*Asks:* 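Take a look at the following structure, please.
Note that the structure is a prediction, hence the values are computed from the model and not measured. Sequence lines set the chain letters: A, B, ... in the order given, protein chains first and strands last, and positions in each chain run from 1.
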Amino acid sequence: MKEKDLRRSLSVLPIGTVMKLTSLTARQIRYYEEQGLVSPERNDGNRRMYSLNDIDTILEIKDYLSDGLNISKIKSIYEKRKKDSYKDNSDGLSDQEARKLLSDELLNIGGLNSRDANNNSF
DNA sequence: CTTCTGACA
DNA sequence: TGTCAGAA
């Protein structure tokens with residue numbers, strides 16, 4: 001059913017609704033967009049219009065944040081995940097890589113502190 | 001009234 | 001991240 005998928009991609013929600021649905025502040029939601037984690041449409045006025053997919057993504061982001069992940073780490077995960085599914089031979093891994101990375105980070109924060117977002121410089 | 005951008009503590 | 005200002 002791609003009709004459903006299409007509707008889910010329809011950006012019709014103002015930031016106020018997203019705030020209620022995600023329990024986040026406008027500041028945070030805009031910040032995540034700034035970081036490239038979500039891409040709301042920009043219809044009337046210049047107002048951000050979010051889709052259900054965006055809500056989903058933001059909810060996920062929130063979840064990762066709760067798990068102690070940093071914005072930059074989440075960015076890495078999403079950048080790999082959005083690439084495609086599993087038929088490209090450029091990297092070979094996408095979703096699997098993302099999951100690996102995620103669990104890896106999850107284990108990492110379990111015993112260490114997550115301060116830096118990039119690779120270890122030392 | 002709701003949202004936007006930029007900026008400061 | 002919260003919050004204020006000025007504008008749309």
*Asks:* What's the closest nucleotide to the A:R48 side chain, out of B:dT3, C:dT1, B:dT5?
*Replies:*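 Nearest to the side chain of A:R48 among the choices is B:dT5.
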*Asks:* Would A:S51 and A:D54 count as having a side-chain donor-acceptor pair, cut-off 3.5 Å?
*Replies:*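 Present: a donor and an acceptor within the cut-off.
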*Asks:* With a 4.0 Å cut-off on N to O distance, would you call A:R48 and A:E33 a salt bridge?
*Replies:*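 Salt bridge flag = yes for A:E33 with A:R48.
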*Asks:* Once you round it to whole Å, what is the distance between C1' of B:dG6 and CZ of A:R30?
*Replies:*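 Going from A:R30 (CZ) to B:dG6 (C1'), I get 11 Å.
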*Asks:* Under 4.5 Å between any side-chain heavy atoms of A:R47 and A:I15, yes or no?
*Replies:*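 Answer no - side chains too far apart.
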*Asks:* Heavy-atom nearest nucleotide on DNA chain C for A:L65 versus A:G45: which residue maps closer to 5'?
*Replies:*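 Going by which nucleotide is closer to the 5' end, it is A:L65.
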*Asks:* List the atom of A:I29, the atom of A:M19, and the distance in Å for their closest heavy-atom pair.
*Replies:*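 Where A:I29 meets A:M19 most closely, the heavy atoms are CD1-CG, 3.7 Å.
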*Asks:* To the nearest Å, how far apart are A:D44 CG and B:dT3 C1'?
*Replies:*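 Going from A:D44 (CG) to B:dT3 (C1'), I get 9 Å.
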*Asks:* Indicate the atoms forming the closest heavy-atom contact of A:T57 with A:V38, along with that distance.
*Replies:*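 Shortest heavy-atom separation between A:T57 and A:V38 comes out as CG2-CG1, 3.7 Å.
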*Asks:* Under 3.5 Å between N/O atoms: give me all the protein pairs with nucleotides 2-5 of chain C, atom names plus distance.
*Replies:*
unit_1, atom_1, unit_2, atom_2, d
C:dG2, OP2, A:T25, OG1, 2.8
C:dG2, N7, A:R27, NE, 3.1
C:dG2, O6, A:R27, NE, 3.3
C:dG2, O6, A:R27, NH2, 2.6
C:dT3, O4, A:R27, NE, 3.2

*Asks:* Quick check for you: to the nearest 0.5 Å, what is the distance between A:I71 atom CD1 and A:L65 atom CG?
*Replies:*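 So the CD1 of A:I71 and the CG of A:L65 are separated by 4.5 Å.
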*Asks:* Rounded to whole angstrom units, what separation is found between the CG atom of A:N43 and the C1' atom of B:dT2?
*Replies:*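 Rounded to the whole Å, the gap is 16 Å.
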*Asks:* How close or far is atom P of B:dT5 from atom OH of A:Y31, stated in whole angstroms?
*Replies:*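 These atoms are roughly 16 Å apart.
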*Asks:* Please report the distance, rounded to the nearest Å, between CZ in A:R42 and P in B:dC4.
*Replies:*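 These atoms are roughly 6 Å apart.
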*Asks:* Can you work out whether A:R47 or A:E33 has the more 5'-proximal nearest nucleotide on DNA chain B?
*Replies:*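 Taking each residue's closest nucleotide, the earlier one in sequence belongs to A:R47.
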*Asks:* Under 4.0 angstrom, heavy atoms only, what part of the nucleic acid is A:G16 near: base, sugar-phosphate, or nothing?
*Replies:*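 The answer is sugar-phosphate, as A:G16 gets under 4.0 Å only of primed atoms, P, OP1 or OP2.
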*Asks:* Would you mind reading off the distance between A:E34 atom CD and B:dA7 atom P, rounded to a whole angstrom?
*Replies:*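 Atom-to-atom, A:E34 to B:dA7, this comes out as 11 Å.
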